[in-house]
Amino acid sequence: LAKGKLENILTANSLTARYLNKQKNIRYSSAKYLDKNGIKIECAFANNLKNITLNIPVNGLIVVSGVSGSGKTSLVFDVLHESAKAKKPINCQVISGLGQFNNIIAFDSSAIGQSSISNVLTYTGLFTAIRDIFANTSAAKKQNLGKKHFSFNQKGGRCETCQGQGRIKISMDFLSDVYVECEDCKGKRFSHEVLACKYDGKTIFDILEMTIEEGLEFFNASQKLHKSLSTLCETGLSYIKMGQSLNTFSGGEVQRLKLANILISSKAGRNLFLMDEPTTGLHFHDVNQLLKIIERLISEGHSVIMVEHHPDIIRNADWLIELGPEGGDGGGRVLRG
């Protein structure tokens with residue numbers, strides 16, 4: 001946050017100010033081998049699309065833009081993605097060019113975890129490696145604690161008073177349920193025996209309370225953890241706590257976590273990535289980081305089609321498809337591309 005005259009804000013010593021005064025810019029290196037005849041769609045009619053026909057290039061960053069309700073999501077997800085899943089034209093008469101990809105991976109803002117148990121580490125599989133580290137500490141071996149005990153979802157490791165939730169629900173007859181901190185574990189979710197085990201001075205609870213950026217520095221000696229946490233930082237998730245419940249993530253955070261997980265798991269082959277406004281809520285610098293990830297994907301032979309409003313993403317696109325001119329019945333036509 002900043003307060004004062006514009007000229008003072010623009011000269012402030014902050015990352016935000018450097019982007020506002022153009023000392024730093026959001027840049028993306030254009031794809032070298034853009035294929036303008038990659039995917040062909042004929043007579044697409046999903047929702048408000050007016051039987052449109054177009055070629056979508058591949059081997060680059062393709063941005064689909066337009067006003068709200070112009071048909072962007074209908075084109076990318078209801079036509080292209082649904083056709084890819086069905087391996088036949090869906091919501092269009094003809095679609096070709098999808099066979100050149102080993103995988104077509106869609107990222108949307110749909111939730112990836114409905115319970116408080118699911119978090120960044122469990123979703124990416126990194127929690128297994130961290131539990132292994134704690135199970136090998138001298139304190140854990142002395143108490144005969146194995147990897148399974150360093151989970152707040154397992155008996156013997158979790159706090160049984162709150163069942164590993166860190167809080168207890170109190171049902172109210174005429175009001176909403178109330179949650180209070182567990183008096184036994186003080187909200188730390190694990191048993192006293194587990195919390196007595198430390199790695200480099202930290203308990204398993206301390207690790208979950210770290211941000212991803214802090215975890216990156218803490219696990220500097222672990223090549224696997226450092227590489228994976230670095231990928232999460234590169235996708236703009238450095239500020240997220242490692243134990244943060246997935247059901248608290250915004251739509252944009254969900255997409256970036258899905259993208260990071262794909263990069264961590266290194267899904268083989270030539271892939272087509274479909275994204276739905278992944279820059280939602282992002283700082284200038286995080287948008288810049290996201291573009292670097294996309295540049296990396298494209299340099300490895302993948303293609304990216306992104307529904308997006310962000311002006312810097314649009315400006316940096318290898319190819320722009322614009323739908324409109326209005327939303328609803330007034331949209332669904334190709335204005336550009």
Task: Spacing of OG belonging to Ser222 relative to CG belonging to Leu126, to within rounding of 0.5 Å - done: 9.0 Å
TODO: Mind checking the CD1-CD1 spacing from Ile321 to Ile56? Nearest 0.5 Å is all I need.
DONE: 4.5 Å
Task: Leu290 to Leu282 - nearest heavy-atom pair and separation - done: CD2-CD1, 4.3 Å
TODO: Ignoring hydrogens and angles, tell me if any N or O in the side chain of Arg336 forms a donor-acceptor pair with the backbone of Glu322 under 3.5 Å.
DONE: no
TODO: Give a yes or no on whether Leu257 and Leu274 share a hydrophobic cluster (residues Ile, Leu, Val, Met, Phe, Trp, Tyr; joining criterion: side-chain heavy atoms under 4.5 Å apart).
DONE: no
Open item on the list: Let me confirm one number: the CD1-CD distance from Ile95 to Glu42, rounded to the nearest 0.5 Å.
Closed with: 10.5 Å
Open item on the list: Within the structure provided, determine whether Leu246 and Val254 are in side-chain contact (heavy-atom separation under 4.5 Å).
Closed with: no
Open item on the list: With heavy-atom distances below 4.5 Å as the criterion, would you say the side chains of Arg256 and Asp286 are in contact?
Closed with: no
TODO: May I ask you to check whether Asp184 and His192 show a side-chain donor-acceptor distance below 3.5 Å?
DONE: yes
Open item on the list: Using only atom types and a distance under 3.5 Å, with no angle test, would you say the side chain of Thr280 pairs donor to acceptor with the backbone of Glu277?
Closed with: yes
Open item on the list: Starting from Ile52, can I reach Val63 by hopping between I/L/V/M/F/W/Y residues whose side chains sit under 4.5 Å apart?
Closed with: no
TODO: State, yes or no, whether a side-chain contact exists between Ile39 and Leu272 at a heavy-atom distance under 4.5 Å.
DONE: yes
Open item on the list: To the closest 0.5 Å, what do you measure between CD (Gln100) and OG (Ser303)?
Closed with: 6.5 Å
Task: ILVMFWY cluster, Leu54 and Val64 together (side-chain gap under 4.5 Å) - done: yes
Open item on the list: Side chains of Ser238 and Thr211, heavy atoms from C-beta outward: is any pair under 4.5 Å?
Closed with: no
Open item on the list: Between Phe152 and Val194, does the side chain to side chain contact (heavy atoms under 4.5 Å, CB included) criterion hold? Intermediate values first, please.
Closed with: CA-CA 10 Å; Phe152 43 70; Val194 167; over 6 Å; no
Open item on the list: Are the side chains of Pro278 and Leu259 in contact, using a 4.5 Å heavy-atom criterion?
Closed with: no
- [ ] Give the ring-plane orientation class for Phe107 versus Phe273, where under 30° counts as parallel, over 60° as perpendicular and anything between as tilted.
- [x] parallel
Open item on the list: Among residues at least two apart in sequence or on other chains, which ones pass side-chain contact (heavy atoms from CB on, under 4.5 Å) with Asp78?
Closed with: Ala46, Asn47, Ser74, Asn91
TODO: Starting at CD1 of Ile168, measure out to SG of Cys182 and round the result to the nearest 0.5 Å.
DONE: 4.5 Å
- [ ] Give a yes or no on whether a salt bridge exists between Glu209 and Lys241, defined as a side-chain N under 4.0 angstrom from a carboxylate O.
- [x] yes
TODO: Provide the closest heavy-atom pair for Ala31 versus Ile298 in the form atom of the first, atom of the second, distance.
DONE: CB-CG2, 4.0 Å
Open item on the list: Can you confirm whether more than 12 heavy atoms, excluding those of Glu300, are under 6.0 Å from its CD atom?
Closed with: yes
TODO: Compare all side-chain heavy atoms of Lys141 with those of Asn136 and state whether any distance is below 4.5 angstrom.
DONE: yes
- [ ] Write down the atom of His149, the atom of Phe190, and the distance for their closest heavy-atom approach.
- [x] O-CD2, 4.5 Å
Task: Over all atoms of both residues, closest heavy-atom pair of Asp177 and Lys169 - done: OD2-CD, 3.5 Å
Task: Between Tyr239 and Gln244, a side-chain donor and acceptor under 3.5 Å - done: no
Task: Lys/Arg-Asp/Glu bridge criterion (N-O < 4.0 Å) met for Glu295, Lys292 - done: no
Task: Arg270 side chain vs Gly301 backbone, donor-acceptor pair below 3.5 Å - done: yes
Open item on the list: Any side-chain to backbone donor/acceptor pair from Arg131 onto Lys147? Under 3.5 Å, distance only.
Closed with: yes
Open item on the list: I'd like to know if the side chain of Ser245 and the backbone of Thr248 have a donor-acceptor N/O pair within less than 3.5 Å.
Closed with: no
Open item on the list: Give me the atom names and distance for the closest heavy-atom approach of Cys185 to Cys162.
Closed with: SG-SG, 3.8 Å
Task: Pair Glu217-Glu214, side chain to side chain contact (heavy atoms under 4.5 Å, CB included): steps then yes or no - done: CA-CA 5 Å; Glu217 182 178 351; Glu214 291 169 340; 6.0 Å; no
TODO: Take Lys24 and Tyr19 through the test side chain to side chain contact (heavy atoms under 4.5 Å, CB included) and record every step on the way to the result.
DONE: CA-CA 5 Å; Lys24 293 183 71 70; Tyr19 277 96; 3.6 Å; yes
Task: Donor-acceptor contact present, side-chain Ser228 to main-chain Leu225, <3.5 Å - done: no
- [ ] Measure the CG-CH2 distance between Asn55 and Trp319 for me, rounded to the nearest 0.5 Å.
- [x] 8.5 Å
Open item on the list: So does Lys148 get a backbone contact from the side chain of Ser151, meaning a donor-acceptor N/O pair under 3.5 Å?
Closed with: no
Open item on the list: If you count every heavy atom of other residues, nucleotides or ligands that lies below 6.0 Å from Asp329 atom CG, does the total exceed 12?
Closed with: no
Task: Residue of the set Leu297, Ile262, Ile105, Ile104 for which side-chain contact (heavy atoms from CB on, under 4.5 Å) holds with Asn271 - done: Ile105
- [ ] Measure the shortest side-chain to side-chain distance between Val94 and Lys40 over non-hydrogen atoms and say whether it is less than 4.5 angstrom.
- [x] no
TODO: Quick one: closest heavy-atom pair of Ala260 and Leu232, and the distance?
DONE: CB-CD2, 3.6 Å
Task: Worked verdict on Phe150 versus Ile130 for side chain to side chain contact (heavy atoms under 4.5 Å, CB included) - done: CA-CA 9 Å; Phe150 291 90; Ile130 292 174; over 6 Å; no
Task: Same cluster (ILVMFWY, side-chain, under 4.5 Å), Leu15 and Val287 - done: yes
Task: Gly69 backbone acceptor or donor facing Asn48 side chain under 3.5 Å - done: yes
TODO: Ignoring hydrogens and angles, tell me if any N or O in the side chain of Gln163 forms a donor-acceptor pair with the backbone of Glu160 under 3.5 Å.
DONE: yes
- [ ] Give a yes or no answer on whether the side chain of Asn21 reaches the backbone of Leu10 with a donor-acceptor pair at less than 3.5 Å.
- [x] yes
TODO: Answer yes or no: does atom CD of Glu7 have more than 12 heavy-atom neighbours from other residues, nucleotides or ligands under 6.0 Å?
DONE: yes
TODO: Tell me whether Phe284 is reachable from Ile9 by hopping between hydrophobic residues (I, L, V, M, F, W, Y) whose side-chain heavy atoms are closer than 4.5 Å.
DONE: no
Only distances under 3.5 Å count here; give the side-chain donor-acceptor pairs of residues 305-314 to other protein atoms, sequence neighbours excluded, each with its distance to 0.1 Å.
residue, atom, partner, partner atom, Å
Glu308, OE1, Thr279, N, 3.4
Glu308, OE1, Thr279, OG1, 3.0
Glu308, OE2, Thr279, OG1, 3.0
Glu308, OE2, His310, N, 3.3
His309, ND1, Gly66, O, 3.4
His310, ND1, Asp312, N, 3.1
Asp312, OD1, Arg315, NH2, 2.7

- [ ] Compare all side-chain heavy atoms of Asn119 with those of Met242 and state whether any distance is below 4.5 angstrom.
- [x] no
- [ ] Please say whether more than 12 non-hydrogen atoms of neighbouring residues, nucleotides or ligands are located less than 6.0 Å from NZ in Lys50.
- [x] yes
Open item on the list: For Phe218 and Tyr199, take the angle between the two ring planes, folded into 0 to 90°, and tell me which bin it lands in: parallel under 30, tilted 30 to 60, perpendicular over 60.
Closed with: perpendicular
TODO: For atom CD of Gln154, decide whether the heavy atoms of other residues, nucleotides or ligands shown that lie under 6.0 angstrom number more than 12.
DONE: yes
